[in-house]
Amino acid sequence: MSFLGGYGYLIVEGVALTATLSLVSAVIAATVGLIYATLTYEGGPGAVVLRSFCLAVMAVPEFITLLLLYFAGTLLLQKIFGSDFQLSPFWGGGFALGVAYATYFGELMRGALRDVNRGLVEAADALGLHRGQSFFLIRAPLAVKVAGPGALNLWVSLVKDTSIVSLIGVAELMRNSTVAARVTGASFEFYALAGCIYLAMTYCSNLFLGRRLSSRGREPHRWMSI
C-alpha cells in the first residue's frame with residue numbers, strides 16, 4: 001500500500017513549506033514590529049500616525065490584508081519591472097503575513113518597552129549611559145522578557161494562519177491536504193491528518209520556545225498546558 005494513497009509526499013512537502021513560511025513571516029514580523037515599537041513607545045505626533053495605521057491593519061481580517069498586500073505588491077512591482085513580472089506567491093504571502101503580525105508584535109513590544117521601570121532607566125542615566133546604551137542594555141532586554149509569553153501566543157497563531165496563504169496558490173499543508181482529499185475522496189482522513197500536524201507543530205514549538213524564553217529556574221512559558 002502506497003504512503004497515504006500516493007499523496008504522502010505531497011503532505012510532507014506541504015509541512016516543509018508551512019514551516020519555512022512560518023519562519024519567514026516571523027522574521028519579517030519581528031523586524032518590522034521592533035522598528036515600529038522603537039519609533040512609537042515614547043509617543044509624539046509621528047507615533048500617533050503610525051499607531052493609527054497599525055490599528056487600522058489590526059482591525060481587518062488577516063486574509064483581507066493578505067490579498068490586498070499581495071495584489072498591491074504585484075501591481076507595484078509590475079510598474080517597476082514591467083507587466084510580465086510575477087510576484088512569487090510564497091514571498092508575497094510571507095511578506096503579507098509578516099506585515100499583518102508585525103502590527104500585533106509591535107504593539108506588544110511597545111507596551112513592554114513602556115512598562116519598564118522608570119527608576120532603572122534613571123539609574124542608567126545616573127551611571128552615564130547615553131540613550132542608545134540605556135535602550136539596548138537596559139530597556140530592550142527587560143521588555144523582551146515581559147513580552148515573551150505574548151510573543152509565544154502570536155507565534156502559535158501565525159503558524160495556524162499560514163493556511164490562509166493557500167488562497168493565493170501557495171502549496172502549503174492546507175492546500176496540499178485539500179488536493180489530496182478531493183482526488184482520493186478521503187476528506188475526513190486528510191483534514192484530520194492536517195489538524196494533527198498543525199497541533200504537533202504548534203505544541204512542539206511551544207515547548208521549545210517556552211523554555212528558551214523563560215528565565216533560568218522559573219516555570220517555562222506555556223501557550224497551553226496538558
Margin query: I want to check something: taking the side chain as every heavy atom from C-beta on, are Phe90 and Val24 in contact at a cut-off of under 4.5 Å?
Written below: yes
Check: According to the side chain to side chain donor-acceptor pair (under 3.5 Å) rule, which pairs have a member within residues 17-28, sequence neighbours left out?
Finding: none
Next item on the list: Work out which heavy atom in Ala29 is nearest to a heavy atom in Phe105; give both atom names and the distance.
Entry: O-CD2, 3.8 Å
Check: In terms of hydrophobic clustering (I, L, V, M, F, W, Y; side-chain heavy atoms under 4.5 Å; direct or indirect links), are Leu108 and Leu55 co-clustered?
Finding: yes
Check: Residues in side chain to side chain contact (heavy atoms under 4.5 Å, CB included) with Gln133, at least two apart?
Finding: Leu129, His130, Leu137
Notebook entry, point to check: Val170 and Val27: same hydrophobic cluster, using ILVMFWY side-chain contacts below 4.5 Å?
Noted result: no
Next item on the list: Quick one: list whatever passes ring pair (Phe, Tyr, Trp, His ring centres under 6.0 Å) with Phe135, sequence neighbours left out.
Entry: Tyr41
Check: Closest approach of Pro141 and Ile138, non-hydrogen atoms and distance?
Finding: CD-O, 3.5 Å
Item checked: Side-chain donor or acceptor of Asn176 paired with backbone N/O of Leu10 under 3.5 Å -> yes
Item checked: Validation row: Arg139, Ser134 side chains within 4.5 angstrom (heavy atoms) -> no
Note to self: According to ring pair (Phe, Tyr, Trp, His ring centres under 6.0 Å), who are the partners of Phe85, at least two apart in sequence or on a separate chain?
What the structure shows: Phe81
Next item on the list: With rounding to the nearest 0.5 Å, note down the distance linking CG in Leu75 to OH in Tyr70.
Entry: 10.5 Å
Item checked: Straight-line distance of Thr65 OG1 to Leu97 CG, nearest 0.5 Å -> 9.5 Å
Next item on the list: State yes or no: do Trp91 and Phe71 share one hydrophobic cluster built from I, L, V, M, F, W and Y residues joined by side-chain heavy-atom distances below 4.5 Å, directly or via other members?
Entry: yes
Next item on the list: Would you name the heavy atoms of Gly106 and Ala37 that are closest together and state the gap between them?
Entry: O-CB, 3.6 Å
Next item on the list: Search all heavy atoms of Glu172 against all heavy atoms of Met174 and return the closest pair with its distance.
Entry: OE1-N, 2.9 Å
Item checked: Met201 vs Ile197 side-chain heavy atoms within contact, under 4.5 Å -> yes
Check: Which residue pairs pass the side chain to side chain donor-acceptor pair (under 3.5 Å) test with at least one member in residues 97-119, sequence neighbours excluded?
Finding: Tyr36-Glu107, Arg51-Glu107, Glu62-Tyr104, Tyr101-Asp161
Notebook entry, point to check: Quick one: ring pair (Phe, Tyr, Trp, His ring centres under 6.0 Å) pairs with a partner in residues 175-194, sequence neighbours left out?
Noted result: none
Checklist line | 4.5 Å side-chain heavy-atom contact, Ile164 and Leu66 | finding: yes
Next item on the list: Could you check if a side-chain atom of Glu13 sits within less than 4.5 angstrom of a side-chain atom of Leu17, using non-hydrogen atoms only?
Entry: no
